[in-house]
Chemist: 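Starting off with a structure, shown below.
Hydrogens, waters and symmetry mates play no part in the numbers below; they use all other heavy atoms, side chains included.
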Amino acid sequence: MQPYTIILNVVVGALCALATYELLNTTQFCPSKIIQWISMIFAFTVSFWGLIFKTTNSLYIIAIEILVYVIIIGVVQVFRFDDQPITSSIFAVAMTLWSSFAISSIAYLRSIDGHGLFLTVLLLLICWMSDTGAYFVGVLFGSHKLCPEISPKKTIEGFIGGIVVSVAICTLITYLYNFAWNTYYTKISLVSIIIISCLGSILSVF
């Protein structure tokens, strides 16, 4: 594994820990600082799971780590019951798992042999192109509000435009990658990229 990949895992791990802190501290739904710190440490390690996926016992190792994390939280919950309701501990575990898994997908993609770097860039490109396309199409043609209670400026036209732009750009980039740069590995399916970029663009809005 290349050194810069390890650095990426460290950076992504730090982002996972920071996201966990923000979710638990900002919502004020998890008052226990001990549980916050335990969750942040666990979240940091999640980004490194991609490095062990190729080993025989990788799933067992991951399952054991999750189990140990949950058990530690349970033990702390027993001793901090007065100021930490059990619902808050459940919230802490759920938010930590959800946020760290989602953010760590960047590190997991990068660890894939062959296309790892390209797929990582493509993941970011799907979101960037969706936002960019939605903005310009919305400014030029937008008239029907998408969800004014949450985001007053988003329009249905912008939403559709963002999807179209994202799919078009990602498909074009993948086509150029297949025939201009990708000479050592199997070609990436354009149909798969169309489906992934379409779903990714929709999910990025949500």
Side-chain angles (χ1 to χ4, degrees), residues 1-19 22-23 43 46-51 53-54 97-206:
M1 189 63 63
Q2 302 91 330
Y4 53 80
T5 303
I6 302 297
I7 293 174
L8 176 63
N9 288 333
V10 172
V11 172
V12 171
L15 290 175
C16 290
L18 180 61
E22 287 292 332
L23 282 169
V46 173
S47 67
F48 293 89
W49 287 358
L51 302 179
F53 277 156
K54 299 173 185 177
L97 292 174
W98 169 71
S99 61
S100 55
F101 286 171
I103 298 173
S104 292
S105 62
I106 298 175
Y108 301 158
L109 281 176
R110 183 62 188 91
S111 67
I112 296 175
D113 291 333
H115 302 304
L117 179 59
F118 175 77
L119 293 175
T120 304
V121 174
L122 190 72
L123 171 67
L124 302 174
L125 194 65
I126 289 173
C127 298
W128 292 338
M129 291 300 99
S130 178
D131 284 345
T132 303
Y135 173 77
F136 284 106
V137 173
V139 168
L140 294 174
F141 306 106
S143 59
H144 300 85
K145 297 298 182 180
L146 180 63
C147 191
E149 295 84 2
I150 298 176
S151 185
K153 294 184 179 181
K154 278 187 170 58
T155 62
I156 296 177
E157 292 82 1
F159 173 67
I160 297 173
I163 296 173
V164 173
V165 170
S166 180
V167 171
I169 295 296
C170 290
T171 304
L172 175 62
I173 293 297
T174 303
Y175 176 84
L176 294 175
Y177 171 76
N178 276 336
F179 293 96
W181 299 296
N182 180 24
T183 57
Y184 299 102
Y185 305 101
T186 56
K187 305 299 182 183
I188 297 177
S189 168
L190 294 181
V191 174
S192 297
I193 295 302
I194 290 173
I195 295 173
I196 291 171
S197 56
C198 182
L199 293 176
S201 179
I202 294 172
L203 288 173
S204 70
V205 175
F206 282 98

Chemist: Which pairs count as ring-ring contact (aromatic ring centres under 6.0 Å, His included) when at least one residue sits in residues 148-183, sequence neighbours excluded?
Modeler: His115-Tyr177, Phe118-Tyr177, Tyr175-Phe179

Chemist: Rounded to the nearest 0.5 Å, what's the gap from OG on Ser204 to CD1 on Ile126? Could you check?
Modeler: 8.5 Å

Chemist: Provide the full list of ring-ring contact (aromatic ring centres under 6.0 Å, His included) pairs with a residue in residues 124-145, sequence neighbours left out, each pair given once.
Modeler: none

Chemist: Residues in side-chain contact (heavy atoms from CB on, under 4.5 Å) with Ser151, at least two apart?
Modeler: Lys154

Chemist: Under the 3.5 angstrom rule, does the side chain of Thr120 hit a backbone N or O of Arg110 as a donor-acceptor pair?
Modeler: yes

Chemist: At what distance, to the nearest 0.5 angstrom, does SG of Cys170 lie from CG of Leu190?
Modeler: 11.5 Å

Chemist: Other residues, nucleotides and ligands only: do more than 12 of their heavy atoms fall within 6.0 Å of CD1 on Ile150?
Modeler: no

Chemist: Run the side-chain hydrogen bond (donor to acceptor under 3.5 Å, both in side chains) test against Ser105 and tell me which residues pass, sequence neighbours left out.
Modeler: none

Chemist: Using only atom types and a distance under 3.5 Å, with no angle test, would you say the side chain of Glu157 pairs donor to acceptor with the backbone of Ser143?
Modeler: yes

Chemist: Identify, with sequence neighbours excluded, every residue that meets side-chain contact (heavy atoms from CB on, under 4.5 Å) alongside Leu23.
Modeler: Met95, Trp98, Ser99

Chemist: Could you walk me through whether Leu146 and Ile156 pass the side chain to side chain contact (heavy atoms under 4.5 Å, CB included) check?
Modeler: CA-CA 5 Å; Leu146 180 63; Ile156 296 177; 4.1 Å; yes

Chemist: Quick one: do Ile169 and Leu125 satisfy side chain to side chain contact (heavy atoms under 4.5 Å, CB included)? Show the steps, please.
Modeler: CA-CA 8 Å; Ile169 295 296; Leu125 194 65; 4.2 Å; yes

Chemist: What pairs with Phe101 under ring pair (Phe, Tyr, Trp, His ring centres under 6.0 Å), at least two apart in sequence or on another chain?
Modeler: Trp49

Chemist: Only counting residues at least two apart or in another chain, list the ones meeting side-chain contact (heavy atoms from CB on, under 4.5 Å) with Lys187.
Modeler: Asn178, Asn182

Chemist: Determine the minimum heavy-atom distance between Val46 and Ser104, stating which atoms define it.
Modeler: CG1-OG, 3.5 Å

Chemist: Counting only pairs under 3.5 Å, give me each side-chain donor-acceptor contact of residues 193-201, with atom names and distances, residues two or more places apart or in other chains.
Modeler:
residue	atom	partner	partner atom	Å
Ser197	OG	Ile193	O	2.6
Ser197	OG	Ile194	O	3.1
Ser201	OG	Ser130	OG	2.8

Chemist: Hey, what do you get for OG1 (Thr171) to CG (Leu122), rounding to the nearest 0.5 Å?
Modeler: 9.0 Å

Chemist: Applying side chain to side chain contact (heavy atoms under 4.5 Å, CB included) to Thr132 and Val165, what does each step give before you reach the verdict?
Modeler: CA-CA 8 Å; Thr132 303; Val165 170; 5.8 Å; no

Chemist: Mind checking side-chain hydrogen bond (donor to acceptor under 3.5 Å, both in side chains) for Thr186 and listing every partner two or more places apart, or none if nothing turns up?
Modeler: none

Chemist: Check side-chain contact (heavy atoms from CB on, under 4.5 Å) between Ala43 and all other residues, then give those that pass, not counting sequence neighbours.
Modeler: Cys16, Thr20, Thr96, Ser100

Chemist: Are the side chain of Thr155 and the backbone N or O of Gly158 linked by a donor-acceptor pair below 3.5 Å?
Modeler: yes

Chemist: What distance separates Met129 CE from Leu172 CG, expressed to the nearest 0.5 Å?
Modeler: 11.5 Å

Chemist: Would you mind reporting whether Leu119 and Tyr108 have side-chain heavy atoms less than 4.5 Å apart?
Modeler: no

Chemist: Applying side chain to side chain donor-acceptor pair (under 3.5 Å) as the test, list every pair that has at least one member in residues 158-170; sequence neighbours left out.
Modeler: none

Chemist: At what distance, to the nearest 0.5 angstrom, does CD1 of Ile106 lie from CG of Leu124?
Modeler: 5.5 Å

